[in-house]
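Here's the structure, in structure tokens; my notes come after.
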Protein chains: 2
Amino acid sequence: MKVDQRDSTPLHEQLAAILRAEINEGKYAESGMLPSESYLQQEHGVSRGTVRRAIETLTAEGLVFTIAARGTFIGKRPPDAKSR
Amino acid sequence: MKVDQRDSTPLHEQLAAILRAEINEGKYAESGMLPSESYLQQEHGVSRGTVRRAIETLTAEGLVFTIAARGTFIGKRPPDAKSR
DNA sequence: GAGAATTTGTACGTATGTATG
DNA sequence: ACATACATACGTACAAATTCT
């Protein structure tokens, strides 16, 4: 799946939908985490800001959570994790 | 006490808190020094860089001081800490 | 003193967080 | 939405200093 630059749907929404589907398909079940933002940026041909907005959406949905300098993990954020 | 990899509190902060508590409990009173960085690294399952940042914090607090290739000692750095 | 082992020091690479235009 | 720059966090590799055999 790829984002469509001509589609009027915001890129970050398109990307969020793609990632959401991939997660539900178990694509990242092995590592338990998403690829780095830079990787996703190059992979999908969008800016890092767009990648981050997409991940933000998935975080709000409780699908993933990120920890600074470590990465974005699949699943709900543990109760004692303080960052956003 | 152990660091929590899923807690988003920086690992070096978690480790600093652990070491600070252990020092105050007198855990290292006997030797008067901290274990080596490699030991702490394996003991707590973090990288050496994280260990060093934790020790850096304790040093800034005046709780310990480090001498190159010798180790990290409990207490405030003496004026002539380099000589033997 | 020589050489190996141990310990701390420094540099660099990668990842996410924040700010600006 | 994108680009860039910088900050913070974590890790790895190599270098330097000290100690031990």
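Worth knowing before you read on, the calculation uses all heavy atoms, side chains too, and leaves out hydrogens, waters and symmetry mates. Protein chains get the first letters and strands the later ones, always in sequence-line order, with residue 1 at the start of each.
An OP1 or OP2 oxygen of dG17(C) is reached within less than 4.0 angstrom by a side-chain nitrogen or oxygen of Thr66(A). Between Arg70(A) and dC10(D) there is a side-chain N or O to OP1 or OP2 distance below 4.0 Å.
Partners of Thr57(B) according to the side-chain hydrogen bond (donor to acceptor under 3.5 Å, both in side chains) rule, which considers only residues two or more places apart in sequence or in another chain, do not exist here. Taking Arg52(B) as the reference, Glu37(B) meet the side-chain hydrogen bond (donor to acceptor under 3.5 Å, both in side chains) condition, with sequence neighbours excluded. With sequence neighbours left out, the side-chain hydrogen bond (donor to acceptor under 3.5 Å, both in side chains) criterion links Asn24(A) to no other residue. For Thr9(A), the side-chain hydrogen bond (donor to acceptor under 3.5 Å, both in side chains) partners are Asp7(A), not counting sequence neighbours. Residues passing the side-chain contact (heavy atoms from CB on, under 4.5 Å) test with Ser36(B), sequence neighbours excluded: Ser38(B), Tyr39(B).
In this structure, CZ of Phe73(A) is placed 11 Å from P of dC10(D), rounded to the nearest angstrom. Between the CD atom of Gln42(A) and the C1' atom of dA3(D) there is a distance of 14 Å, given to the nearest Å. Rounded to an integer number of Å, the gap from Leu15(B) CG to dC10(D) C1' is 13 Å. In this entry the distance linking CG of Asp4(A) with P of dA1(D) reads 13 Å, nearest Å. What separates CG of Leu11(B) from P of dT12(D) is a distance of 12 Å, to the nearest Å. In this entry the distance linking CE of Met33(A) with P of dT14(C) reads 16 Å, nearest Å. A straight line from NE2 of His12(B) to C1' of dA7(D) spans 12 Å, rounded to a whole angstrom. The CZ atom of Phe65(B) sits 17 Å away from the C1' atom of dG9(C) (whole-angstrom rounding).
Val51(B) places a side-chain heavy atom less than 4.5 Å from the side chain of Val46(B). When side chains are defined from C-beta on, Leu11(A) does not count as touching Leu15(A), because their heavy atoms never get closer than 4.5 Å. Looking at heavy atoms from C-beta onward, Phe73(B) lies out of side-chain contact with Thr66(B) at the 4.5 angstrom threshold.
Taking a pair to require two hydrogen-bonding distances under 3.5 Å in either a Watson-Crick or a G-U wobble arrangement, dA1(D) remains unpaired.
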N/O to N/O distances under 3.5 Å, protein versus nucleotides 2-6 of chain C:
none

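Using a 4.0 Å cut-off on heavy atoms, the residues of residues 46-58 of chain B that approach DNA chain C are Arg48(B), Arg52(B), listed by number.
Residue pairs meeting the side-chain hydrogen bond (donor to acceptor under 3.5 Å, both in side chains) criterion with at least one member in residues 13-23 of chain B, sequence neighbours excluded: Arg20(B)-Glu61(B), Glu22(B)-Lys27(B), Glu22(B)-Tyr28(B).
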